[in-house]
Amino acid sequence: MAEQSKLLLIDGHSILNRAFYGLPDLTNSKGQHTNAVYGFLNILFKTMEEEKPDHLTVAFDLSAPTFRHRMFADYKGTRKPMAAELREQVPMIKEMLAAMGICLVTKEGLEADDLLGTMSKIGEAAGMDVTILSGDRDLLQLATDKVKIMIPKTKKGGTETESYYAKDVRETYQVSPTEFIDVKALWGDTADNIPGVPGIGEKTAINIIAAYGSIEAAHEHAEDLKPPRAARNIVDFWDQARLSKTLATIDVHAKIDYDLAAAQIGNIFTDDAYRLCKDWGFKNILLRFDKESVDREEKDLTSRFSHLTSRTAFEEMIERAGQSQETWIGAGLFLKDHSAARAGQIRALAISFEGKAFFAEADTEARQLSLFGSEADDGSGDLIQSTDLRRGLQALADAGKNLAFLDLKEALSQLSFSDRGRSFDLQVAAYLLDPLSSSYPTEDIARDQLALSIPSYSEFFGKKKADQIWEDPEEVEHRMHYACYQAYVASRAPQKLLKRLEEQGMRALYEEVELPLVYTLYDMETAGIAVEKEALKSYGDQLVGRINELEEGIYREAGETFNINSPKQLGEVLFGQLGLPGARKTKTGYSTAADVLDPLAVNYQIVRDVLEFRQLTKLKSTYADGLAKVIADDGRIHSSFQQTVTATGRLSSTEPNLQNIPIRMELGKEIRRVFPAMEGCVFVDSDYSQIELRVLAHLSQDPKLIEAYRQGKDIHRATASLVFHTPFEEVTDQQRSNAKAVNFGIVYGISAFGLAKDLGISREEAQEYIDGYFAAYPRLHDYLDGLVEFARKEGYAVTLFGRRRPVPELKNSNFMQRQFGERVAMNAPVQGTAADIIKIAMVRVHDRLAKEGLRSRLILTVHDELLVETFEQEEQEVREILDQEMRGAAQLSVELEIDTHSGRNWYDAK
DNA sequence: GTTGTCACG
DNA sequence: ACGTACGTGACAACG
């Protein structure tokens with residue numbers, strides 16, 4: 001006997017409303033209110049667990065729920081408009097239900113009640129058990145012995161549900177479900193515009209209907225009714241009573257197309273639903289997905305993982321992979337001692353295709369020995385060497401397979417692609433989709449793209465370092481699984497990532513800029529930059545002499561010795577003991593930052609000494625000593641360029657950071673002399689001239705700004721001329737300098753406070769500058785406003801090339817945070833577009849150098865600057881390439897100009 | 001690990 | 001009344 005089929009019907013607005021008022025105001029990272037959706041889903045899951053329905057439908061009325069829908073308790077008698085925080089969640093829940101494949105029913109002109117009533121009859125007629133979930137007691141009239149009405153009640157410590165079959169209605173209200181309509185006809189309901197009969201309240205209405213069964217019967221026996229007022233009014237207001245009955249009656253024969261087959265419950269834990277939960281921050285619900293998705297198909301992904309322990313088996317697998325039709329072959333690659341300076345050896349490799357994954361690791365010496373001792377054959381024949389793994393990987397690339405890696409730049413140390421389009425970088429793709437994440441581990445990509453829950457590194461290995469896990473025989477299964485998961489995700493995620501990039505208009509950015517850039521950066525890292533070790537050492541020694549003098553002087557002036565590098569101790573000495581004026585507090589004590597000390601320098605020798613001491617120790621520790629530590633065996637420094645770090649799309653540089661080598665102060669700038677071009681070479685250094693302001697001119701299409709650039713004017717002078725209403729030729733240096741600061745401010749997302757601080761003027765004065773600026777460039781002002789408006793509406797800022805930066809701060813309840821969000825919304829498109837442009841230029845310069853067979857190499861980028869180590873004979877050609885490719889990287893309404901210099905070292909090339 | 005400071009664009 | 005210019009990374013101090 002087949003189990004009884006069960007239909008669950010949900011009153012959408014009513015349950016959403018209950019959830020909204022039952023939960024505190026939850027706001028997700030994007031600033032969306034989510035409490036009602038979240039609560040709705042929890043009620044849905046709970047009810048499904050309890051009722052175990054096989055069919056499910058959610059009904060919504062199309063018309064505004066404030067007007068038509070009968071709300072329970074909270075709304076009774078009041079007609080206040082639906083809260084905006086709730087209204088915005090109506091489309092969200094619909095989107096979620098649709099993503100879960102849940103049947104949604106709406107019909108113009110019908111209330112949810114009528115839909116629910118009609119559907120319950122259809123279900124009942126089909127022989128099903130029906131449950132209607134609603135917060136609205138009016139639905140009790142629909143109860144039968146097959147149709148159950150469930151009403152959630154909010155109680156302390158959770159929700160409880162009251163259930164009513166027909167008999168329960170009778171027990172509770174002394175009337176049958178159909179009689180309940182008549183009760184309502186007498187009693188009325190202001191919330192629903194049902195007038196009822198004056199003078200008859202709930203008690204009286206129930207008594208009358210319990211006695212007579214209907215308003216018609218009661219009307220016939222009007223003279224018998226008590227109290228007399230009811231008897232009189234039921235006659236006097238008879239028409240109104242009959243109208244009320246009509247209004248109160250739920251239509252159970254509404255003309256709707258309702259197909260029970262469409263209501264069948266499939267797998268509601270879909271990828272789309274998962275993504276929505278992720279987007280909206282429903283962490284707890286995600287757990288439910290993990291469990292379900294594990295239950296449904298990933299029950300044991302590890303059963304599809306194999307550990308290949310012989311070279312033969314590994315090579316056979318590579319052979320099969322090479323013949324596979326799989327779109328993307330995923331690879332998990334693990335290197336020993338890899339860095340930008342040196343390609344590590346492959347420790348292990350996992351390859352995944354067709355849903356399976358294979359793991360192979362280079363045999364350790366110990367294993368090689370033991371095998372050699374025990375095996376009868378030639379011993380070395382079937383062992384796996386690091387080079388075997390490398391050959392296998394290269395074989396796949398050579399076979400023209402599409403290969404996906406978590407970190408392609410690292411993989412490039414082990415193989416080469418003849419077609420860059422056949423490689424994929426998961427981290428870079430994931431970064432474009434969500435540049436605010438701090439890292440892009442496999443498990444996050446699996447969760448976001450595949451709705452798959454897999455263990456993280458720490459879940460496998462705890463706090464153990466890579467060296468420990470790869471050499472410990474007990475970890476072999478863990479690392480096999482870990483590597484296979486990585487390969488598996490790499491094979492499955494690219495399609496999803498590409499689809500999302502496409503949807504978000506970033507596919508070209510990925511394929512034509514970021515992906516080729518991986519190759520450019522790899523070559524730049526490999527090339528590195530030469531350093532004169534001895535010169536660096538003597539630079540450091542020179543600093544030490546002066547540092548010691550200063551230190552002595554400071555102790556003498558302070559009257560005691562202390563750690564000058566400790567802001568806490570220094571602050572105490574300067575502002576506490578010596579009682580210097582102008583103290584400013586930080587969380588932990590006095591601030592000793594340069595902008596606090598600077599004004600004091602005029603009057604106090606000790607402050608001058610401290611500032612110089614600071615400057616010199618910075619140069620010594622960060623640059624002299626810091627750089628010496630990272631010189632590789634080849635005498636060069638190989639910085640790592642990070643492609644997945646910044647919120648705006650810029651690159652960053654680490655170990656060491658070569659993007660903050662001193663230049664502003666002469667003494668610091670000297671350090672650039674220790675970076676020489678190699679023998680027979682010069683450095684050619686090109687930097688964009690005011691790229692961000694030019695980008696802004698283009699993006700805003702401000703005619704005055706564009707015109708100033710087209711005429712090749714000094715832009716800061718031109719700005720000063722407009723802002724201060726001074727003829728161009730008569731602009732003073734001071735005015736120009738102020739205008740320059742304003743131009744910078746504009747790019748940062750101007751604030752009067754910030755500008756005032758920068759210029760050392762009052763906030764009012766700064767505001768006047770800003771007002772003057774926007775009066776001079778009105779179009780620019782409108783444009784910046786538009787940026788904020790766009791980001792507020794869409795939740796992100798976007799560059800000329802489609803790169804996005806989310807701006808969740810704009811929806812933050814904190815005023816400061818929102819202000820910050822506004823500046824970000826103004827700055828990100830500008831800084832980001834400039835980043836897009838130089839990335840394009842980098843790829844083009846890199847490719848041109850290769851294509852033209854030049855030996856010169858692009859070795860460094862500093863945001864708006866490219867440095868090419870150039871063979872002397874190639875200088876003219878390199879200059880030309882830089883000029884063409886940098887200027888031609890984007891076609892803007894204003895020309896992109898560059899300044900180019902060359903020299904024997906980095907100092908001379910600037 | 002966080003904080004304060006400061007180097008760069 | 002609040003307390004901000006945008007984006008980074010490295011170092012020393014300190015809990």
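Lettering of chains follows the sequences in order, A, B, ..., and the numbering in each one begins at 1. Values in this document were obtained by computation on a predicted structure and should not be read as measured data.
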Give [X] one of three labels, base, sugar-phosphate or nothing, depending on what nucleic acid heavy atoms sit under 4.0 Å from its own.
X	value
A:Ala828	nothing
A:Ala594	sugar-phosphate
A:Phe820	sugar-phosphate
A:Asn563	sugar-phosphate
A:Glu692	nothing
A:Gln819	nothing
A:Arg805	sugar-phosphate
A:Val830	nothing
A:Thr586	sugar-phosphate
A:Ser751	base
A:Val747	nothing
A:Leu755	base
A:Asp758	base
A:Ile663	sugar-phosphate

Nucleotide of [options] approaching [X] most closely (side-chain heavy atoms):
X	options	answer
A:Ala593	C:dA12, B:dC6, B:dG9	B:dC6
A:Asn565	C:dG7, C:dA13, C:dG9	C:dA13
A:Lys629	C:dG7, C:dC11, B:dC8	C:dC11
A:His863	C:dT8, B:dG9, C:dT4	B:dG9

Subject >> Nearest-Å distance once atom C1' is located in both C:dC2 and B:dC6 >> reply: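 About 27 Å, rounded to a whole number of Å.
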Original post:
Can you tell me how far P in C:dA5 sits from the matching atom in B:dT5, rounded to whole Å?
Top reply: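 The same atom, P, in both gives a distance of 13 Å.
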In whole angstrom, give the distance that lies between atom [atom1] of [X] and atom [atom2] of [N].
X	N	atom1	atom2	result
A:Leu696	B:dG9	CG	P	20 Å
A:Ile661	B:dA7	CD1	P	13 Å
A:Leu616	C:dA12	CG	P	15 Å
A:Leu860	B:dC8	CG	P	15 Å
A:Asn812	C:dT4	CG	C1'	14 Å
A:Leu699	C:dC6	CG	P	19 Å
A:Lys740	C:dA5	NZ	C1'	17 Å
A:Tyr623	B:dA7	OH	C1'	3 Å

**OP:** Look at the rings of A:Phe790 and A:Tyr796 and say which category their plane angle falls in: under 30° parallel, 30 to 60° tilted, over 60° perpendicular.
**Re:**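 Ring orientation, 0 to 90° scale: perpendicular.
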Does [N] have OP1 or OP2 sitting under 4.0 Å from an N or O in the side chain of [X]?
X	N	value
A:Ser652	C:dG9	yes
A:Lys618	B:dC6	no
A:Thr592	B:dT5	yes
A:Arg823	C:dT4	no
A:Lys568	C:dA12	no
A:Gln569	C:dC14	yes
A:Ser621	C:dA10	no
A:Arg664	B:dG9	yes
A:Ser566	C:dC14	yes

Original post:
Hey, do the aromatic rings of A:Tyr907 and A:Phe675 have their centres closer than 6.0 Å?
Top reply: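 Centroid distance A:Tyr907-A:Phe675: not below 6.0 Å, so no.
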**OP:** Answer with yes or no after comparing the ring centroid distance for A:Tyr773 and A:Tyr777 against a 6.0 Å cut-off, counting only values under it.
**Re:**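 Yes - the distance between ring centres of A:Tyr773 and A:Tyr777 falls below the 6.0 Å cut-off.
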Original post:
Applying a 3.5 Å limit to both distances, which nucleotide forms a Watson-Crick or G-U wobble pair with C:dA1?
Top reply: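 Matched C:dA1 with nothing under the 3.5 Å cut-off.
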**OP:** Find the partner of C:dA13: check Watson-Crick (N1-N3 plus N6-O4 or O6-N4) and G-U wobble (N1-O2, O6-N3) distances, both under 3.5 Å, and reply none if neither fits.
**Re:**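 Looking at the geometry, C:dA13 pairs with B:dT2.
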**OP:** Could you check A:Asp434 against A:Ser437 for side-chain hydrogen bond (donor to acceptor under 3.5 Å, both in side chains), going step by step and ending with a plain yes or no?
**Re:** CA-CA 6 Å; A:Asp434 181 14; A:Ser437 286; 2.9 Å; yes
Is there, by distance only and without an angle test, a donor paired with an acceptor across the side chain of [X] and the base of [N] below 3.5 Å?
X	N	value
A:Arg650	C:dT8	no
A:Asn660	B:dA7	yes
A:Arg614	B:dG4	no

Subject >> Minimum heavy-atom distance between A:Leu810 and A:Gly821, given as atom pair plus value >> reply: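 Shortest heavy-atom contact: CD2-C, 3.5 Å.
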Subject >> Distance-only donor-acceptor check, side chains A:Thr644 and A:Gln427, under 3.5 Å >> reply: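 Absent: no donor and acceptor within the cut-off.
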Original post:
Start at the 5' end of DNA chain C and walk down; is the nucleotide closest to A:Pro656 or to A:Gly754 reached first?
Top reply: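 Nearer the 5' end of the strand: A:Gly754.
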**OP:** Is it possible for you to check whether A:Arg763 lies under 6.0 Å from the centre of the six-membered ring of A:Phe753, through NZ or CZ, and within 45° of that ring's axis?
**Re:**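 Output no; distance or angle outside limits.
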Subject >> Donor-acceptor pair, side chain of A:Thr654 and main chain of A:Asn657, under 3.5 angstrom >> reply: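 Not at all, since once roles are kept as given, no pair shorter than 3.5 Å links the two residues.
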**OP:** Answer yes or no: is there a donor N or O on one side and an acceptor on the other, between the side chain of A:Thr833 and the main chain of A:Asp836, under 3.5 Å?
**Re:**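 No: the side chain of A:Thr833 does not pair with the backbone of A:Asp836.
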